Amino acid sequence: MEGWAHELEVYLEQLLRAVSINDHHDVEAEAALVSKLTQHHKGYYTVKWALAHEDVLPFFSQAWATPLEKAYSWLTGWKPSTMFKLLLSTTATSSAAVLVHLTQQQLQTMEDLRQKVRLEEDKVERDMERQHVALADRRMVELARLASRGTVSPQRINGLVEVALKGVADGLEKVVRAADCVRLRTLKGILEILTPPQCLAFFAASSTLLIRLRQLGGMRQRAASAAAAAAAAVI
């Protein structure tokens with residue numbers, strides 16, 4: 001995860017240089033950079049899914065993320081619908097990028113995509129609610145009852161717990177994949193609507209948001225740790 005974030009910072013420098021040029025003549029270079037960023041994001045999910053298949057639970061605690069990043073997290077990642085807010089709020093005064101004027105057709109197509117994405121988000125959230133219910137289904141309740149009564153050996157209880165948790169983990173993995181697929185479809189849909197210069201500007205704005213969240217989160221985390229250490233020293 002750290003490596004991916006570092007590479008994103010490198011790409012951001014390239015994006016900011018590209019969008020600072022007023023006249024975009026090198027269409028091939030723009031398309032190549034957009035392709036690299038797209039593959040960078042897809043590569044992240046390829047690795048993520050492989051790791052989640054082995055153990056999905058760490059992605060819900062995200063030990064590698066700062067508290068601020070976790071606060072903005074939606075089902076182990078960024079919320080797709082926030083990209084539309086970012087896209088439409090990026091103005092000519094933005095320090096990150098300048099999205100050239102969107103045509104009326106682009107705006108309408110973007111709104112259609114936003115509504116579709118919102119419906120997909122709702123579906124994934126309902127799936128997650130079902131997983132929460134599964135944590136307290138009859139099998140888990142029965143296991144708790146048996147364990148509390150001491151009528152079954154600890155070895156037997158552990159085996160039953162493993163089977164029950166495997167089902168829960170499989171369900172959570174499906175939810176993570178579903179949420180990530182919405183993220184990827186949102187990214188693909190937005191890029192298909194925008195022109196190459198707009199794609200560069202969008203990537204610059206979204207990358208800046210992700211990186212700044214990480215930087216600010218790290219600063220706050222270090223400040224909180226320093227304050228806690230100072231208080232402990234006084235005590």
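In this chain, residues are counted from 1 in sequence order. None of the values given here were measured: they were computed from a predicted structure.
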message: Apply side-chain hydrogen bond (donor to acceptor under 3.5 Å, both in side chains) to residues Arg212 and Gln215 and explain how you reach the verdict.
response: CA-CA 5 Å; Arg212 288 297 292 161; Gln215 291 174 339; 3.0 Å; yes

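- At distances below 3.5 Å, at least one donor-acceptor pair connects side-chain atoms of Thr186 with backbone N or O atoms of Val182.
- Checked for salt-bridge contact, Arg114 and Glu111 meet the test: a charged N lies under 4.0 Å from a carboxylate O.
- In Lys174, the NZ atom is not crowded: 12 or fewer heavy atoms of neighbouring residues, nucleotides or ligands sit closer than 6.0 Å.
- The number of heavy-atom neighbours closer than 6.0 Å to OH of Tyr11, taken from other residues, nucleotides and ligands shown, is above 12.
- Put simply, CG on Leu200 and CG on Leu33 are 5.5 Å apart, with the number rounded to the nearest 0.5 Å.
- If you take CG on Leu172 and CD on Gln131, they are separated by 5.0 Å, rounding to the nearest 0.5 Å.
- Aromatic ring orientation, Tyr44 versus Trp4: tilted (interplanar angle from 30° to 60°).
- Residues Gln106 and Thr195 are in side-chain contact: their nearest non-hydrogen atoms beyond the backbone lie under 4.5 Å apart.
- Looking only at distances, no side-chain donor or acceptor of Glu69 sits under 3.5 Å from a matching main-chain atom of Leu213.
- Counting only N and O atoms by type, the side chains of Gln108 and Gln104 include no donor and acceptor under 3.5 Å apart.
- Looking at heavy atoms from C-beta onward, Val176 lies in side-chain contact with Lys48 at the 4.5 angstrom threshold.
- Here Phe203 and His41 bring their ring centres to under 6.0 angstrom of each other.
- A donor-acceptor contact shorter than 3.5 Å is absent between the side chain of Glu7 and the backbone of His40.
- Residues passing the ring-ring contact (aromatic ring centres under 6.0 Å, His included) test with Tyr45: none are found, sequence neighbours excluded.
- For Glu129, there are no side-chain hydrogen bond (donor to acceptor under 3.5 Å, both in side chains) partners at least two apart in sequence or on another chain.
- Side-chain contact check for Leu209 versus Thr82: every heavy-atom pair is 4.5 Å or farther apart.
- Note on Lys166 versus Asp170: salt bridge recorded, some NZ/NE/NH1/NH2 to OD/OE distance being below 4.0 Å.
- Note: Met110 CE to Met83 CE = 12.5 Å, rounded to the nearest 0.5 Å.
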query: So Gln198 and Leu102, side chain to side chain contact (heavy atoms under 4.5 Å, CB included) or not? Walk me through it.
result: CA-CA 9 Å; Gln198 290 171 330; Leu102 298 176; 3.3 Å; yes

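- Within a 6.0 Å radius of CZ in Arg118, other residues, nucleotides and ligands contribute more than 12 heavy atoms.
- A salt bridge between Asp112 and Lys116 is absent, with no side-chain N of the basic residue lying under 4.0 Å from a carboxylate O of the acidic one.
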- request: Test side chain to side chain contact (heavy atoms under 4.5 Å, CB included) on Phe59 and Ser73 and set out the steps.
  value: CA-CA 11 Å; Phe59 288 93; Ser73 180; over 6 Å; no

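- Atoms CD and CZ, from Glu173 and Arg177 in turn, are 5.5 Å apart once rounded to the nearest 0.5 Å.
- Counting heavy atoms from C-beta outward, Leu210 and Arg214 have side chains that stay 4.5 Å or more apart.
- Contact detail for Val34 and Pro196: the closest heavy-atom pair is CG2-O, 4.3 Å.
- Checked by atom type and distance alone, the side chain of Ser207 never pairs as donor or acceptor with a backbone atom of Ala204 at under 3.5 Å.
- Heavy atoms of other residues, nucleotides or ligands lying less than 6.0 angstrom from NZ of Lys188 number 12 at most.
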Verdict with reasoning, Leu75 to Glu121, per side chain to side chain contact (heavy atoms under 4.5 Å, CB included): CA-CA 10 Å; Leu75 297 175; Glu121 286 179 340; over 6 Å; no

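- In this structure, Val117 and Arg185 have side chains that are not in contact, with every pair of non-hydrogen atoms separated by 4.5 Å or more.
- To the nearest 0.5 Å, atom CG of residue Leu12 and atom OG1 of residue Thr208 are 4.0 Å apart.
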message: Apply side chain to side chain contact (heavy atoms under 4.5 Å, CB included) to residues Val124 and Trp74 and explain how you reach the verdict.
response: CA-CA 11 Å; Val124 175; Trp74 177 80; 4.2 Å; yes

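- If you take CD1 on Ile193 and CG on Leu113, they are separated by 5.0 Å, rounding to the nearest 0.5 Å.
- Salt bridge present: Asp180 and Arg183 bring a charged side-chain N and a carboxylate O closer than 4.0 Å.
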